[in-house]
Number of protein chains: 2
Amino acid sequence: MHTQTISAPAAKVLDIPHALKAEPVDPFSAIARFSGVIATEFSYKKDEEIYGEGEPSEYLYQISRGAVRTYKLLSDGRRQIGAFHLPGDVFGLDPSPEHRLTAEAIVDTTVRLAPRRSIEKAAASNVHVARHLWTMTACDLRHAEDHMLLLGRKTAMERVATFLLEMDRRLAKTGMLALPMCRRDIGDYLGLTLETVSRALSQLNDQGILMFSSARQIALRNRQRLSAMEA
Amino acid sequence: MHTQTISAPAAKVLDIPHALKAEPVDPFSAIARFSGVIATEFSYKKDEEIYGEGEPSEYLYQISRGAVRTYKLLSDGRRQIGAFHLPGDVFGLDPSPEHRLTAEAIVDTTVRLAPRRSIEKAAASNVHVARHLWTMTACDLRHAEDHMLLLGRKTAMERVATFLLEMDRRLAKTGMLALPMCRRDIGDYLGLTLETVSRALSQLNDQGILMFSSARQIALRNRQRLSAMEA
DNA sequence: CGCAGCATTGACGAATGTCAAGTAGCGTGG
DNA sequence: CCACGCTACTTGACATTCGTCAATGCTGCG
């Protein structure tokens with residue numbers, strides 16, 4: 001259980017910030033409000049497990065700060081990362097009683113969490129909550145469908161281009177990508193080895209499509225050419 | 001629109017068979033009943049498109065007879081089949097207003113269909129319907145997660161073994177697999193070429209793990225050894 | 001300042017894709 | 001009922017992409 005492994009100070013109770021709720025509607029906040037749930041904040045250290053595949057599904061999580069990977073393993077250790085979760089993202093949602101992927105903090109990470117039971121109870125009487133749950137799961141499904149196309153049919157370079165554009169869309173603030181994950185994580189997300197990822201990035205650098213300020217600080221210099229490469 | 005392309009006789013109105021509803025609860029029937037929807041039956045010829053990627057999502061489908069593939073295409077024609085749907089399976093569910101994959105009949109196929117609008121309306125007032133929708137989407141998501149692991153990390157032989165066991169589970173009646181799809185479909189599902197699929201099947205045949213009665217009629221002779229190969 | 005990961009790069013190998021030829025099965029029409 | 005032709009399938013030879021193994025370099029943190 002994650003509450004035992006954490007070394008952070010005692011979890012802090014906090015209000016979902018209502019100032020933000022005018023936006024496209026953050027589904028986590030919406031659900032928490034409808035459920036009358038007070039979300040709890042919680043922190044995990046880099047590489048700490050948040051939940052494991054097969055464990056009972058007890059909470060719904062939203063990232064405040066940090067980043068999370070969710071993955072499946074084969075018996076011999078081969079790993080497929082299904083998704084990276086970034087600040088604002090919700091994860092851990094799962095209508096089945098058990099998690100089907102393992103979740104780990106990629107860097108030191110703080111999440112808000114809401115007990116699954118309260119949410120279920122709210123969904124049983126409130127169709128808005130129920131619809132939000134459906135919508136979030138459907139959003140994960142869309143991502144998975146796109147990712148199956150990538151994994152099954154794209155070349156290494158196309159995968160890396162797609163990855164960069166996805167991250168650019170999701171976390172570019174200053175026109176600069178600050179990747180929280182290492183090359184191995186990227187490889188395990190894209191179905192490649194870390195060496196192949198590194199070679200593709202170097203090639204994009206050589207072509208002037210991106211520039212490294214450090215290995216994980218990347219500036220995209222030509223998004224159009226990158227888009228043309230993602231197939 | 002599929003109603004224009006169909007050459008079958010006029011759609012026939014029918015009742016959802018209530019005799020079957022004691023079973024593990026068929027979610028399609030459950031939803032139709034809660035929605036007060038009378039499902040319509042409809043037929044498609046082999047290789048006929050049921051809906052296209054990007055088209056408005058107007059119906060929920062359940063297969064009565066036949067088989068359906070849902071897929072995405074890259075611009076140059078590379079195809080990734082996301083799922084095969086067999087009798088009893090529901091497909092076309094999508095909380096977004098547009099389909100994100102194309103659906104085609106693999107063989108001559110009959111479906112029951114329920115208008116999406118009626119279902120949405122029912123879900124807006126009935127939490128049971130809403131939960132069924134969520135559960136079905138979650139079921140698709142689980143399959144997609146498993147399939148990402150296959151596409152990203154399994155070898156050709158492991159993919160084929162996994163495929164055979166999946167089909168065995170889903171459509172083996174007489175201990176014999178009657179595959180409705182061709183080798184190319186299998187390849188596009190597994191992220192392989194049809195030749196690689198064929199070679200893997202031949203190898204399993206040589207090893208005595210399966211037997212062909214014809215190219216698409218396969219008897220599994222040693223499920224245990226096959227399971228050991230799926231990684 | 002030095003160590004410990006992380007990343008890059010190179011040489012090579014293996015798995016799978018590509019191209020091509022040949023075969024078998026099946027539906028159609030004579 | 002048989003012959004034909006089409007399509008799907010199999011098999012082989014070869015090409016290519018990506019993975020593996022190994023050496024080296026970088027860098028960020030203590």
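In what follows, every chain begins at residue 1, and chains take the letters A, B, ... in the order their sequences are listed.
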With a 4.0 Å cut-off on heavy atoms, is B/Gly187 in touch with a base, just the backbone sugar-phosphate, or nothing at all?
nothing
Which part of the nucleic acid, if any, lies within reach of B/Leu201 when heavy atoms closer than 4.0 Å are counted: base, sugar-phosphate only, or nothing?
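B/Leu201: no heavy atom of the nucleic acid under 4.0 Å.
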Could you state the atom-to-atom distance from [atom1] of [X] to [atom2] of [N] in whole Å?
{"X": "B/Arg183", "N": "C/dT23", "atom1": "CZ", "atom2": "C1'", "result": "14 Å"}
{"X": "A/Leu210", "N": "C/dA7", "atom1": "CG", "atom2": "C1'", "result": "15 Å"}
{"X": "A/Gln217", "N": "D/dC26", "atom1": "CD", "atom2": "P", "result": "19 Å"}
{"X": "B/Met157", "N": "C/dA15", "atom1": "CE", "atom2": "C1'", "result": "12 Å"}
{"X": "B/Lys154", "N": "C/dA15", "atom1": "NZ", "atom2": "P", "result": "18 Å"}
{"X": "B/Leu150", "N": "C/dT16", "atom1": "CG", "atom2": "P", "result": "12 Å"}
{"X": "B/Arg216", "N": "C/dG27", "atom1": "CZ", "atom2": "P", "result": "11 Å"}
{"X": "B/Asp108", "N": "C/dC26", "atom1": "CG", "atom2": "C1'", "result": "15 Å"}

Between B/Lys46 and B/Ser202, who's closer to the 5' end of DNA chain D by nearest nucleotide?
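Result: B/Lys46.
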Donor-acceptor pair under 3.5 Å, A/Glu195 side chain vs D/dC18 base
no
Could you work out which one of [options] sits closest to the side chain of [X]?
{"X": "B/Thr193", "options": "D/dT10, D/dC18, C/dG17", "answer": "C/dG17"}
{"X": "B/Cys182", "options": "D/dC18, C/dT9, D/dA8", "answer": "D/dA8"}
{"X": "A/Arg199", "options": "D/dT20, D/dC9, D/dG28", "answer": "D/dT20"}
{"X": "A/Thr196", "options": "D/dT10, D/dG19, C/dG17", "answer": "D/dG19"}

Does the A/Lys72 side chain pair with the main chain of A/Arg100, one donor and one acceptor, at a distance under 3.5 Å?
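The answer is yes, because a donor-acceptor pair under 3.5 Å joins these two groups.
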Sub-3.5 Å donor-acceptor pair from the side chain of A/Arg112 to the main-chain atoms of A/Ser29, do we have one?
no
Enter the distance from A/Ile218:CD1 to A/Leu201:CG here, rounded to the nearest 0.5 Å.
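Answer for the CD1-CG pair, A/Ile218 versus A/Leu201, is 5.0 Å.
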Distance in Å, A/Thr155 OG1 paired with A/Leu192 CG, rounded so as to fall on 0.5 Å steps:
9.0 Å
5'-most contact on DNA chain C: A/Leu194 or B/Ala156, nearest heavy atom basis?
A/Leu194
Nearest-nucleotide comparison on DNA chain C, the residue closer to the 5′ end among A/Asp47 and B/Thr155
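Nearest nucleotide further toward 5': that of A/Asp47.
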Can you find a side chain N or O atom of A/Ser198 that sits less than 4.0 Å from OP1 or OP2 on C/dA7?
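No, no such contact exists.
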A/Phe42/A/Tyr59 aromatic ring centres below 6.0 Å
no
